[in-house]
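In what follows, a single structure is set out as structure tokens and then discussed.
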Amino acid sequence: MRILLVTRDFPPHASAGTEVYTLSLALGLRQLGHDINVACVGRWNEDPTYFNGVTEDIHRGINVSRLHLNWLRAPDPNRYLYN
């Protein structure tokens, strides 16, 4: 089965509770034979425009897509951050 896990951040860039739990879940599901992908936000406020692309990498055998947004550059930053 193909499974997408969505989280705010993911190792190795962050390693707090949610990130560690998501990594453990991803590794366990992969061990059961599932095709696992993770989608998360990369940089939150460093780039020159609101949307700054997506980078793909692999962490411990898990495919990770990092969406780079600068919410401070959004047309309505508070609403975009909320949404």
Side-chain angles (χ1 to χ4, degrees):
M1 180 185 313
R2 294 181 68 192
I3 300 172
L4 174 65
L5 300 174
V6 180
T7 185
R8 182 197 174 280
D9 210 338
F10 195 73
H13 302 278
S15 58
T18 300
E19 294 83 6
V20 170
Y21 175 77
T22 305
L23 175 60
S24 296
L25 184 61
L27 293 171
L29 289 168
R30 187 186 69 186
Q31 189 173 22
L32 292 172
H34 298 291
D35 180 16
I36 306 300
N37 291 284
V38 172
C40 65
V41 174
R43 298 179 302 266
W44 275 92
N45 59 1
E46 298 174 7
D47 292 314
T49 61
Y50 171 64
F51 176 70
N52 299 285
V54 176
T55 56
E56 304 282 337
D57 64 80
I58 298 175
H59 179 71
R60 294 184 58 184
I62 305 296
N63 295 319
V64 182
S65 299
R66 296 179 195 278
L67 179 65
H68 301 288
L69 301 170
N70 185 342
W71 67 276
L72 296 172
R73 304 248 183 219
D76 183 350
N78 290 325
R79 179 160 306 282
Y80 274 60
L81 184 60
Y82 174 79
N83 288 336

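The same ILVMFWY cluster, assembled from side-chain heavy atoms under 4.5 Å apart, contains both Ile3 and Phe10.
Here Thr55 pairs with His68 under the side-chain hydrogen bond (donor to acceptor under 3.5 Å, both in side chains) rule; sequence neighbours left out.
For Gln31, the CD atom counts as loosely surrounded, since its 6.0 Å shell holds 12 or fewer non-hydrogen atoms of other residues, nucleotides or ligands. The 12-atom threshold is not exceeded at OH of Tyr21, counting heavy atoms of other residues, nucleotides or ligands nearer than 6.0 Å.
In this structure, Asp76 CG and Trp71 CH2 are separated by 11.0 Å, a value rounded to the nearest 0.5 Å. We find the CG-OG1 distance between Leu27 and Thr22 to be 11.0 Å, quoted to the nearest 0.5 Å. Rounding to the nearest 0.5 angstrom, the gap separating the CG atom in Leu69 from the CG atom in Asn52 is 7.5 Å. Going from atom NE2 of His59 over to atom CD of Glu19 covers 11.0 Å, rounded to the nearest 0.5 Å.
Here the closest non-hydrogen pair linking Ser65 and Val54 is CB-CG1, 4.2 Å. The heavy-atom pair separating Arg66 from Pro12 by the smallest distance is NH2-CD, 3.7 Å. When all heavy atoms are compared, the tightest approach of Arg73 to Tyr50 is CB-N, 3.9 Å.
A donor-acceptor distance shorter than 3.5 angstrom exists from the side chain of Asn70 to the backbone of Leu72, with no hydrogens or angles considered.
The only member of Leu23, Leu25, Val38 that meets side chain to side chain contact (heavy atoms under 4.5 Å, CB included) when paired with Thr7 is Val38. Results of the side chain to side chain contact (heavy atoms under 4.5 Å, CB included) test with Ile36 over Asn63, Val64, Ile62 single out Ile62 as the only residue that passes.
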